[in-house]
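Residue numbers count from 1 along this sequence.
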Amino acid sequence: MRLNAKILKNVVNVNNWQYANQASVQEGQANEIYIQLVDLDKIPGNDKSSAFPDNPMRYISQGTVISVEATFPSIDDADELVIAGTQPFSDDKSIWKFTLSAAQLPKSGNFKLKLTEDGVDKFILVKNGVSVDLLSVGGC
């Protein structure tokens with residue numbers, strides 16, 4: 001099983017959202033990042049593994065105790081963010097939400113997910129998963 005995560009945008013409810021290439025966050029505002037856990041080895045209508053599946057199946061853990069934590073790294077350890085995920089929809093356990101306060105701003109486009117299922121940790125790297133809109137881009 002190869003786990004990964006897809007970024008979601010325009011999330012309204014369990015049946016109303018879209019896939020996105022990146023989550024967009026704005027400096028100085030509270031932000032929410034939604035992801036859907038997927039299994040890259042399971043493709044609807046195909047029981048064979050594919051190196052680059054277009055539509056992998058969502059991953060719903062069979063664990064009793066489940067948590068997901070997102071780590072947003074930084075070159076400065078003091079700026080690293082670790083955010084616990086919540087499951088916003090009881091009808092779909094593959095979707096997780098990460099809430100960032102107005103003071104929390106990712107310093108990298110990448111982030112790492114730690115999925116813990118009944119005490120066993122699994123890690124997922126989401127490359128270029130976040131785009132940050134800065135209030136001030138600097139200048140002379």
Side-chain angles (χ1 to χ4, degrees):
M1 166 179 15
R2 294 177 301 142
L3 294 181
N4 207 330
K6 287 193 159 204
I7 306 294
L8 305 180
K9 68 177 181 178
N10 302 327
V11 178
V12 177
N13 59 43
V14 70
N15 294 315
N16 192 350
W17 46 262
Q18 299 169 317
Y19 287 118
N21 291 328
Q22 293 180 312
S24 181
V25 297
Q26 175 110 27
E27 181 181 16
Q29 293 184 8
N31 293 280
E32 295 176 339
I33 297 174
Y34 288 87
I35 59 107
Q36 181 181 48
L37 297 176
V38 295
D39 184 346
L40 295 177
D41 289 331
K42 291 187 180 176
I43 304 167
N46 182 1
D47 57 6
K48 295 181 181 178
S49 176
S50 174
F52 300 102
D54 291 330
N55 298 303
M57 291 188 69
R58 63 191 174 132
Y59 176 75
I60 298 177
S61 173
Q62 299 303 305
T64 306
V65 179
I66 309 155
S67 66
V68 175
E69 180 180 270
T71 301
F72 299 89
S74 174
I75 199 164
D76 182 353
D77 290 342
D79 288 336
E80 181 174 276
L81 299 176
V82 179
I83 309 292
T86 60
Q87 291 183 311
F89 311 116
S90 60
D91 294 344
D92 191 338
K93 299 294 185 183
S94 70
I95 296 176
W96 291 82
K97 176 175 85 169
F98 303 93
T99 303
L100 287 75
S101 72
Q104 295 174 312
L105 187 68
K107 305 295 186 201
S108 168
N110 302 332
F111 62 94
K112 183 169 58 173
L113 298 172
K114 179 171 88 170
L115 168 65
T116 303
E117 300 172 302
D118 295 332
V120 177
D121 294 336
K122 298 174 183 175
F123 295 93
I124 301 163
L125 177 62
V126 181
K127 294 181 181 179
N128 297 317
V130 179
S131 170
V132 178
D133 293 327
L134 300 174
L135 294 175
S136 172
V137 293
C140 313

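A salt bridge is absent between Lys107 and Asp76: the closest approach of a Lys/Arg side-chain nitrogen to an acidic carboxylate oxygen does not fall below 4.0 angstrom.
Taking all atoms of both residues into account, the shortest heavy-atom contact from Asp79 to Ser74 is CB-OG, 3.4 Å. Lys93 and Gln87 get closest at one heavy-atom pair: O-NE2, 3.1 Å. Contact record, Leu113 with Ala5: CD1-CB, 3.6 Å, taken as the closest heavy-atom pair. Closest non-hydrogen pair, Pro106 versus Val132, comes out as O-CG2, 3.6 Å. Closest heavy-atom contact between Ile124 and Asn4: CG2-CA, 3.7 Å.
Counting only heavy atoms from C-beta outward, the side chains of Leu81 and Phe111 never approach each other to under 4.5 Å. Within the 4.5 Å cutoff, side-chain heavy atoms of Pro56 are placed close to those of Lys6. Contact of the Asn13 side chain with the Asp91 side chain is not registered, since no non-hydrogen atoms from C-beta on lie closer than 4.5 Å. Considering only heavy atoms from C-beta on, Leu115 comes within 4.5 Å of Ile66 through its side chain.
A continuous path of ILVMFWY side-chain contacts below 4.5 Å connects Phe98 to Leu3, so both sit in one hydrophobic cluster. A single hydrophobic cluster is not seen to contain both Leu8 and Tyr59; linkage of ILVMFWY side chains at heavy-atom distances under 4.5 Å, directly or through other members, places them apart. Follow the hydrophobic side-chain contacts under 4.5 Å out from Met1 and you reach Trp96 in the same cluster. Hydrophobic clustering, with ILVMFWY side chains joined whenever heavy atoms are under 4.5 angstrom apart, keeps Leu37 apart from Phe123. By the criterion of side-chain heavy atoms lying less than 4.5 angstrom apart, applied directly or through intervening Ile, Leu, Val, Met, Phe, Trp or Tyr residues, Val126 is not grouped with Ile95; the two fall into different hydrophobic clusters.
Listed by first and then second residue, the ring-ring contact (aromatic ring centres under 6.0 Å, His included) pairs that reach into residues 8-40 are Trp17-Tyr19, sequence neighbours excluded.
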(request) Test Met57 against Asp39 for side-chain contact (heavy atoms from CB on, under 4.5 Å), laying out the working first. (result) CA-CA 6 Å; Met57 291 188 69; Asp39 184 346; 5.5 Å; no
(request) Apply side-chain contact (heavy atoms from CB on, under 4.5 Å) to Ile83 and Ile33, showing your working. (result) CA-CA 10 Å; Ile83 309 292; Ile33 297 174; over 6 Å; no
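With hydrogens and angles ignored, the 3.5 Å screen pairs no side-chain donor or acceptor of Asp118 with any backbone N or O of Gly63. Side-chain N or O atoms of Glu69 include none that pairs as donor or acceptor with a backbone N or O of Lys114 at under 3.5 Å. A donor-acceptor pair under 3.5 Å links the side-chain atoms of Gln62 to the main chain of Ile60, judged by distance alone.
Summarising the geometry, atom OG1 belonging to Thr64 is positioned 10.0 Å from atom CD belonging to Glu117; distances are rounded to the nearest 0.5 Å. Between atom CD of residue Gln36 and atom CZ of residue Arg58 there is a gap of 7.0 Å, rounded to the nearest 0.5 Å. With rounding to the nearest 0.5 angstrom, the CG atom of Asp121 is 4.0 Å from the OG1 atom of Thr116.
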Output a table of donor-acceptor pairs, distance under 3.5 Å, between side-chain atoms of residues 22-29 and any protein atom two or more places apart or on a different chain; print 'none' if there are none.
residue	atom	partner	partner atom	Å
Gln22	NE2	Asn128	O	3.1
Ser24	OG	Asp133	OD2	3.3
Glu27	OE1	Leu135	N	2.8

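Within 6.0 Å of NZ in Lys112 there are 12 or fewer heavy atoms belonging to other residues, nucleotides or ligands.
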